[in-house]
Amino acid sequence: MPRARSKKTFYLVANWKMNKTAREAHLYMEELLPSIEENSGVDVWFSVPFTTLAPASKILEGKRYSLGAQNMNDARPGSFTGEIAAEMIQDAGSSFVLIGHSERRRFFHETDELINRKMVRAFETQLIPILCVGETLEERDAERTESVIESQIRSAFCDIDINSIKKKAFMVAYEPVWAIGTGKSATPEIVEATHTIIQELLKKLMPRIGADISLLYGGSVSEKNAGELCTISNVNGFLIGTSSLQPGTFARIVHICDELQ
Ligand code: PGA
């Protein structure tokens, strides 16, 4: 069934998390790319570990796929031992970067303030930030989803000159914490309702471009639920962890979404 809805690009962003060496990335791409070459209805992006950026960028050279990092430091290059600056991921081939993934918020204690500074840096360096937001199960049960997401988005843009932001300069990924890596995806009703909340807020915050911002859903997207979730009118793509790690599985998701465009 074709999707009767906006003609925005549909994005499939693979989030490899802390997986794959350069050699594994090579083998993965060797298997995946020939099988998705014909799928022109979706934009496939790869969010890979820092050490895999440069080799993956070589493999993807001249191809229509985008490459990005999963994190970066909020400071300009300088004396921050062990850290990676925006300029460095860009130099290694990144055009986008995940900001505020819930695993960064939870395990590495990233605060809304830090995430805001990273957003500032991403815009400064013209990397496309994919801002990840989402509530925990406790917050959902306490009916705090809307206020949590609103505060995450408002603080991410704190003191940023909204008028200077262009249409495709960023995306928002709704990733309910309870759905990430659990095999328990949010229902289509929850995804649609929460994306509506995000969309309304973006329209309020940035009237000129708010309606055009692409919204991704992430959290246990799989071959089983991709079809149903990708036909929701305000879902413009997926951020996929576990199901992006095997080229066969990821290719099948690409085909499913492509067919439904
Ligand atoms: P998952 O991860 O698909 O394994 O739930 C999604 C994410 O964390 O981006």
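Counting convention: from 1, in listed order, for ligands and their atoms alike. FYI, the numbering just counts along the sequence from 1.
- Salt bridge status for E110 with R105: absent, with no side-chain N to carboxylate O gap under 4.0 Å.
- Within 4.0 Å of ligand 1, protein heavy atoms come from N15, K17, H101, E175, A179, I180, G181, G219, S220, L239, I240, G241, T242.
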Give every donor-acceptor pair under 3.5 Å between a side-chain atom in residues 204-219 and any protein atom, sequence neighbours left out.
unit_1, atom_1, unit_2, atom_2, d
R208, NH2, N163, O, 2.8
R208, NH2, I165, O, 2.9
Y217, OH, A186, N, 2.9
Y217, OH, G219, O, 2.8

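- Remark: R121 engages E87 in a salt bridge, criterion side-chain N to carboxylate O under 4.0 Å.
- Remark: R144 does not engage E135 in a salt bridge, criterion side-chain N to carboxylate O under 4.0 Å.
- A salt bridge between R76 and E124 is present, with a side-chain N of the basic residue lying under 4.0 Å from a carboxylate O of the acidic one.
- In this structure the side chain of I130 reaches within 4.5 angstrom of the side chain of W45, judged on heavy atoms.
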